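Read the structure below first, then the notes.
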Amino acid sequence: MESIQKEQVQQALDQFLNKEVYVHLETTNGAYASHFDKNAYNVGAFIRNAPIQYSQAKIVGEHSFRVGLKAQHGWVYAEGLTDFEIDDQNRLLMAGHDVEGRLMVALEISETPFGQ
Amino acid sequence: MEQHVVVILPHPDDEAFGASGTIIKFREEGTPVTYLCGTLGQMGRNMGSPFFANRETLPQIRKKELVDACKVLDVNLEMLGYHDKTLEFEDLGEVAEHLKSYLDNIKPSHVITFYPGHAVHPDHDAMGAAAIEAVKRMDEESRPEVWAKAITHDRYEKLGRPEITINVEDYFDRKLEAIEAHRSQAEGMLNQFRKSPELRELNAEGTKHLLNEEFYKWTFDK
């Protein structure tokens, strides 16, 4: 993964326009958050291989980015994205990491389902 | 009953952090050890700095690390194929039967797992509960002894002192080697451990926490 290049990500988002795609969306502060700090709450959400079609996609922000997908029946968005990669299967992987390289949020788009 | 230890934990690295000294001790005494590892730790957060993993490559990386750690520990490895962070949503009875199929075959003398309700991570609690349910479903005469690992801060207060404490000083180098085999996790976990305000007191005592591995002996209701 490398730091987000806005234009490249926008291009990648656009190539999936109006296609049936599979989305992985995740956010977490880790299962140990409240174990290591009693003032913290464990929070997280995860959906893998949700099929959607979107008619509009946008990446917004500087340093840390927001991505929103306007889908047939609603919206998908993620905030706090910092890094991206287009992998060898042409999947767009985006993630937000903290300073220690821990994943905080991920949004991934693929034309084929992601593996288990 | 032949001595054979079955370790049942959900994540690659749980064995290294939690029980590797004990595992090495059993192995040095010539006791076979089998690790039933629940998941591939697909949902791990540490991607390295600089990155060496992303969400999609992490499972294969952690699988390799698990295999490497099991080589260090000289244990037989079985991967159960569950998805990280979903174990508590599986049917407990089904997971228990899955585990029991291994136990019926191996006929172990000991099972090492997490103490349900005192294991912090939802997967830990769920795997521990399923392991205990699996043993409970065995005939009383053939049941292995269950050693349950509790890691909550208030475990001594709630559960009393554990019956079993294994000092692993003699095997500490190899324990660290097993932890380090889980490269993607070791650094992040140790950092988090060092910085935790909840663990500051423990940290002051340095590695003492890692030098003694503690387990509660599980008692089954008659």
Side-chain angles (χ1 to χ4, degrees), chain A residues 1-4 22-49 78 80-116, chain B residues 10-11 14 17 39-60 63 79 81-89 118-126 151-155 183-185 187-200 202-203:
Chain A
M1 287 207 145
E2 56 175 315
S3 298
I4 283 183
Y22 295 87
V23 169
H24 168 105
L25 177 64
E26 167 189 358
T27 182
T28 180
N29 64 350
Y32 296 96
S34 65
H35 182 64
F36 287 125
D37 178 358
K38 68 175 187 303
N39 295 318
Y41 291 91
N42 290 0
V43 292
F46 165 64
I47 185 164
R48 190 160 175 82
N49 286 326
L81 300 164
T82 53
D83 301 282
F84 88 114
E85 179 177 332
I86 296 161
D87 76 359
D88 54 5
Q89 295 174 58
N90 201 37
R91 303 183 294 193
L92 174 59
L93 314 181
M94 296 169 282
H97 298 95
D98 67 11
V99 286
E100 285 169 52
R102 285 178 311 202
L103 185 135
M104 300 183 294
V105 59
L107 175 61
E108 305 179 343
I109 304 167
S110 169
E111 285 187 57
T112 53
F114 292 98
Q116 260 282 309
Chain B
H11 307 124
D14 286 337
F17 281 105
T39 77
L40 290 179
Q42 297 94 325
M43 298 291 282
R45 297 182 70 206
N46 291 295
M47 301 295 171
S49 177
F51 304 122
F52 50 73
N54 63 44
R55 182 44 86 237
E56 299 310 315
T57 59
L58 190 66
Q60 289 310 312
K63 189 176 178 179
M79 290 176 269
Y82 294 100
H83 194 285
D84 196 9
K85 290 198 93 170
T86 64
L87 265 167
E88 64 180 332
F89 307 117
H118 275 274
V120 180
H121 192 298
D123 281 339
H124 295 174
D125 286 332
I151 57 173
T152 43
H153 298 306
D154 61 358
R155 61 191 182 277
R183 179 174 159 254
S184 68
Q185 303 306 301
E187 207 178 307
M189 199 63 197
L190 290 174
N191 271 341
Q192 224 176 326
F193 193 79
R194 280 189 212 104
K195 284 185 190 162
S196 164
E198 306 302 314
L199 292 170
R200 199 160 287 150
L202 282 172
N203 293 344

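Predicted model only: the values in this text are computed from it and were never measured.
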Please name the pair of heavy atoms, one in B/Ile151 and one in A/His35, separated by the smallest distance, quoted to 0.1 Å.
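Closest heavy-atom pair between B/Ile151 and A/His35: O-CE1, 3.2 Å.
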Heavy-atom pair of closest approach, residues A/Asn29 and B/Arg45
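Nearest pair, atom of A/Asn29 first, then B/Arg45: O-NH1, 3.1 Å.
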Identify which of B/His83, B/Met43, B/Arg55 forms the greatest number of heavy-atom pairs closer than 4.5 Å to chain A.
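Result: the option with the highest number of such pairs is B/Arg55.
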Which of the residues [options] is involved in the greatest number of heavy-atom pairs with chain B at under 4.5 angstrom?
options	result
A/Glu85, A/Glu26, A/Met104	A/Glu26
A/Met1, A/His97, A/Arg91	A/His97
A/Asn42, A/Asp87, A/Asp83	A/Asp83

Identify, with sequence neighbours excluded, every residue that meets salt bridge (Lys or Arg N to Asp or Glu O under 4.0 Å) alongside B/Glu56.
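In terms of salt bridge (Lys or Arg N to Asp or Glu O under 4.0 Å), with neighbours along the sequence ignored, B/Glu56 is linked to A/Arg48.
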Do the side chains of B/Lys85 and A/Thr28 get nearer than 4.5 Å, heavy atoms only?
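Touching, per the 4.5 Å side-chain cut-off.
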